[in-house]
Amino acid sequence: MKENHNIRVLHMITGEYVVCDVTQIREDTNFLGYRLLYPIKISLADEDENGNYTVNYRRWNPFTPYEDHRISPSSVISAMVPEKSVLVNYVQKLKEGGADLSFLPDGGTEILE
């Protein structure tokens, strides 16, 4: 699958991992911060008897109805492309929640196939 989206797993300075659509906020040539669209906190559950882990998903900021956040660049340690199953689960959870997937090419259809 080609990478034609801006979905990333962010490792935050708080230790959290957040999967979301990430874009840069710029003013002229100045980099001001990141825009996180539909951020979901992800974490690993305990390892099962076969050595597999379950990924837990929950809203990153449940204290607001908004799903579009602005953060400082100093809040992020790293930003990486998500593993395929994390990407598919993330898009599926957004779809099930009624999110507008128009920020993804073809509305996320290619990711979910």
Side-chain angles (χ1 to χ4, degrees):
M1 175 186 307
K2 63 184 183 248
E3 181 189 322
N4 59 353
H5 58 77
N6 292 322
I7 298 172
R8 299 292 182 268
V9 174
L10 304 180
H11 183 194
M12 309 297 284
I13 62 169
T14 59
E16 297 172 301
Y17 287 90
V18 178
V19 62
C20 59
D21 184 75
V22 181
T23 53
Q24 292 184 355
I25 302 168
R26 293 189 157 298
E27 185 176 282
D28 299 319
T29 59
N30 298 323
F31 172 52
L32 303 176
Y34 293 110
R35 174 184 182 236
L36 310 184
L37 182 61
Y38 301 117
I40 294 180
K41 179 180 176 180
I42 58 175
S43 60
L44 290 178
D46 293 330
E47 185 177 7
D48 69 15
E49 63 278 353
N50 298 320
N52 298 315
Y53 292 92
T54 301
V55 177
N56 294 321
Y57 298 81
R58 73 173 185 87
R59 286 187 65 211
W60 180 54
N61 188 345
F63 305 107
T64 178
Y66 300 106
E67 294 293 345
D68 186 345
H69 303 273
R70 308 298 196 269
I71 63 169
S72 165
S74 63
S75 301
V76 179
I77 294 172
S78 67
M80 303 297 290
V81 173
E83 192 273 327
K84 184 177 180 178
S85 67
V86 171
L87 175 63
V88 170
N89 285 334
Y90 170 73
V91 173
Q92 185 63 42
K93 289 185 182 312
L94 293 181
K95 183 177 180 179
E96 289 169 1
D100 177 4
L101 298 179
S102 63
F103 69 94
L104 290 169
D106 74 2
T109 303
E110 182 181 324
I111 292 170
L112 295 174
E113 290 179 342

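For reference, positions follow the sequence shown, starting with 1.
Taking the side chain as every heavy atom from C-beta outward, Thr54 and Asp48 never approach each other to under 4.5 Å. Leu94 is listed as a side-chain neighbour of Ile40, based on a closest heavy-atom distance under 4.5 Å. Counting heavy atoms from C-beta outward, Ile77 and Met12 have side chains that stay 4.5 Å or more apart. In this structure, Pro73 and Phe31 have side chains that are in contact, with non-hydrogen atoms separated by less than 4.5 Å.
Taken from CG in Leu44 to CG in Asn52, the straight-line distance is 11.5 Å, to the nearest 0.5 Å. To the nearest 0.5 Å, atoms CZ (Arg35) and SG (Cys20) are separated by 10.5 Å. Interatomic distance, CG of Asn89 versus CD of Glu96, reported as 9.0 Å (0.5 Å rounding). One finds the OH atom of Tyr34 at 8.0 Å from the CD1 atom of Ile71 (value rounded to the nearest 0.5 Å).
Of the possible donor and acceptor atoms, none in the side chain of Asp28 sits under 3.5 Å from a partner among the backbone N and O of Asn30.
Judged as a salt bridge (Lys or Arg N to Asp or Glu O under 4.0 Å), and not counting sequence neighbours, the contacts of Glu16 are Lys41.
Ring pair Phe103/Tyr38 is tilted by interplanar angle, where 30° to 60° counts as tilted.
Among Leu112, Ile7, Asn6, the single residue meeting the side chain to side chain contact (heavy atoms under 4.5 Å, CB included) criterion with Leu104 is Ile7.
Heavy atoms of other residues, nucleotides or ligands lying less than 6.0 angstrom from OH of Tyr66 number 12 at most. Around CG of Asn50, the count of heavy atoms belonging to other residues, nucleotides or ligands within 6.0 Å exceeds 12.
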